[in-house]
Structure formats: C-alpha cells, structure tokens
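Worksheet: one structure, shown below.
Since the model is a prediction, treat every value here as computed from it, not as a measurement. Chain letters run A, B, ... following the sequence lines, proteins first, then strands; residues in each count from 1.
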Protein chains: 2
Amino acid sequence: MDKKKKKLLETKGFKVGSVDEFLGLSREESEYIELKLALSQSLTETRKKKKPTQAQLAKMINSSQSRVAKMEKGDPSVSVDLLVKSLLAIGVDKKSIAKAIA
Amino acid sequence: MDKKKKKLLETKGFKVGSVDEFLGLSREESEYIELKLALSQSLTETRKKKKPTQAQLAKMINSSQSRVAKMEKGDPSVSVDLLVKSLLAIGVDKKSIAKAIA
DNA sequence: AATAAATATGTCAAATCTGACATTTTGTCA
DNA sequence: TGACAAAATGTCAGATTTGACATATTTATT
C-alpha cells in the first residue's frame, strides 16, 4: 500500500472522524488507519488522565520519549503491537482496548 | 519478557480459556497473549467460514501459506499488525475485531 | 491403504520496527 | 519577554518481523 497516502492521512487534520474513501483508499486501508488512530488517541487520553509525561510513560514501558510521541501522533513507523503493549502497560485492559477500536 | 514462556503458552493446549497467572505472567503479558490468540482464532474461524485454503488466503493478503499457518497457530513470530491486516483483508471489520478481542 | 490436498514447521535474507539520541517546536509560567 | 518543561521531528544501527522456500506432517478422498 502506498506509504505516502498513509503518511498523509495519519497526519494532523485527520485525527477525528472517518477517513473512508477520501482518496482511493480501500476499505481495509482506511479501517486499518482508523484502528491505529483509535489506539493512539486512547493512549494519549489515558496518559493524560493518569498524569505522567511522555518521558515518564516511556520509562514505564521501556521505550523513549520520542517513540511515545510518535505513538501518540500516529506515526506510520509505529506498529499496532507497540500501541497495544503500551496501552496494556499503562493499565488499559483488553476490554477497553476493544471498546476503543470498535 | 521471556520468549520461552510466551512460546510455551501460545502453543496448542492453551487455545481456550484464560492463561492468567499460570506461570509468573504479569497482567499485561497474559492479556497480550490472549489478545493475539483471540485474533488467531478469529482468523481461522473466518477463513473456514468463507471457504479458502491457507494458500488462497495467502494470495489475497500477499503473504505465504506458511505465514498464514503461523498466524493461525499463534506463532510468536507473528505480529498483531499482521493479524489485524489479515482479518481486515478477509472482510472482517473493525467492530468485529473489537468484539473478538473484548 | 495409497494418493493427493491441506496444513504445519524450520530457516533465512530482506524489509520493517525499535530505542536512543540530537535537535527543534510548542506550551507554560514568571 | 525569557527561560524552562514537555512534546515533536529526524536519523540510524540493532532488533524483530516478513515472505518465500523446502520439507514434514496431518487430513480427505478414492
């Protein structure tokens, strides 16, 4: 799949609402992006609720501030795996993850 | 996290039910494993319902039969990303994915 | 039982993702 | 305004994941 497109859409401006078929995105592509955005948002929300800074969260999940920033920004270099692991690490359970992406 | 443990638990025998604290697994670890297993199972189920063989599915998602087999078996070398992408490719939508892991 | 079809397992080079670091931008408070 | 903290962005070597292939095992079909 075209990385440019993905990068474009995962960037500011498209945080909210559905990206369905904005540009020739297939159903799978847009759902995948939406799913990642949902996880990103959930991570940001949860972190802010719980208090810590990106740097502190980074320590909890032994990662780095810059990677946390990328996660929260929906950077294409971040995998769903990492998002899920981070959410679990920060105390969000499966059920809540499911709710976030539903 | 200990890869041996993960490998062990993701192997036959533990497809059903909760793996919580069987061996010293943390909450995050067990939830992560359970989440992956849920996706694996969902993939197998959906594929069988929809008809194609692993080889045919592999083509649809341009992967290979062997990797599909690993996905369905919950092999540790398979990422959540790939599982999610495969589910989406086979026609399962976000909502159903959410339901599967809830 | 024999054959074929489907699935499982092992391996590996190439591709992707990762933490870490440096640097820049944005936000906050005096 | 300036100075300080938090967040964002770029880069990259090392780690992990990938498709592909070979091969073995299981399952169906005759």
Polar side-chain atom of [X] near backbone of [Y] as donor-acceptor pair, under 3.5 Å:
X	Y	value
Asp81(A)	Val80(B)	yes
Glu29(A)	Ser26(A)	yes
Ser40(A)	Lys36(A)	yes

Indicate whether OP1 or OP2 belonging to [N] is found under 4.0 Å from a side-chain N or O atom of [X].
X	N	value
Ser79(A)	dT18(C)	yes
Arg47(A)	dA7(D)	yes
Ser66(B)	dC21(D)	no
Gln65(A)	dA6(D)	no

Heavy-atom pair with the smallest gap, counting every atom of [X] and [Y]:
X	Y	answer
Ser64(B)	Ala58(B)	C-CB, 3.4 Å
Ile101(B)	Ala98(A)	CG1-CB, 3.7 Å
Met71(A)	Ile61(A)	CE-CD1, 3.8 Å
Glu31(A)	Leu88(B)	OE1-CD2, 3.5 Å

Can you measure from OG (Ser79(A)) to CG (Leu82(B)) and round to the nearest 0.5 angstrom?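 Ser79(A) OG to Leu82(B) CG: 11.5 Å, rounded to 0.5 Å.
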Across the strands shown, which category fits Val68(A) at heavy-atom distances under 4.0 angstrom: base, sugar-phosphate, nothing? nothing
Taking [atom1] from [X] and [atom2] from [N], how many angstroms apart are they, rounded to a whole number?
X	N	atom1	atom2	value
Lys85(B)	dT17(D)	NZ	P	13 Å
Asp81(B)	dG19(D)	CG	C1'	16 Å
Leu57(A)	dA8(D)	CG	P	12 Å
Tyr32(A)	dT16(C)	OH	P	12 Å
Lys59(A)	dA20(C)	NZ	C1'	14 Å
Lys73(B)	dT7(C)	NZ	C1'	9 Å
Leu83(A)	dC17(C)	CG	P	12 Å
Asn62(B)	dA15(C)	CG	C1'	14 Å

Classify the side chain of Lys70(B) versus the base of dT11(C) as yes if they form a donor-acceptor pair under 3.5 Å and no if they do not. yes
Classify the side chain of Ser64(A) versus the base of dC21(C) as yes if they form a donor-acceptor pair under 3.5 Å and no if they do not. no
Need the bend value for the helix from dA1(C)-dT30(D) to dA30(C)-dT1(D): angle between end axes, 5 pairs each end, nearest 10°. 60°
Could you work out, with side chain to side chain donor-acceptor pair (under 3.5 Å) as the rule, every residue matching Gln54(B), not counting sequence neighbours? Gln65(B), Glu72(B)
Which of these nucleotides, [options], is closest to any side-chain atom of [X]?
X	options	answer
Ser77(B)	dT18(D), dG19(C), dG19(D)	dT18(D)
Arg67(A)	dA7(D), dG19(C), dT17(D)	dG19(C)
Leu82(B)	dG19(D), dA8(C), dA8(D)	dG19(D)

Sub-3.5 Å pairs of nitrogen or oxygen atoms, protein against nucleotides 27-30 of chain D:
none

Contact nearer the 5' end of DNA chain C, comparing Gln56(B) with Ala69(B): Gln56(B)
Give a yes or no on whether a salt bridge exists between Lys85(B) and Glu28(A), defined as a side-chain N under 4.0 angstrom from a carboxylate O.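 A salt bridge is absent here (no side-chain N lies under 4.0 Å from a carboxylate O).
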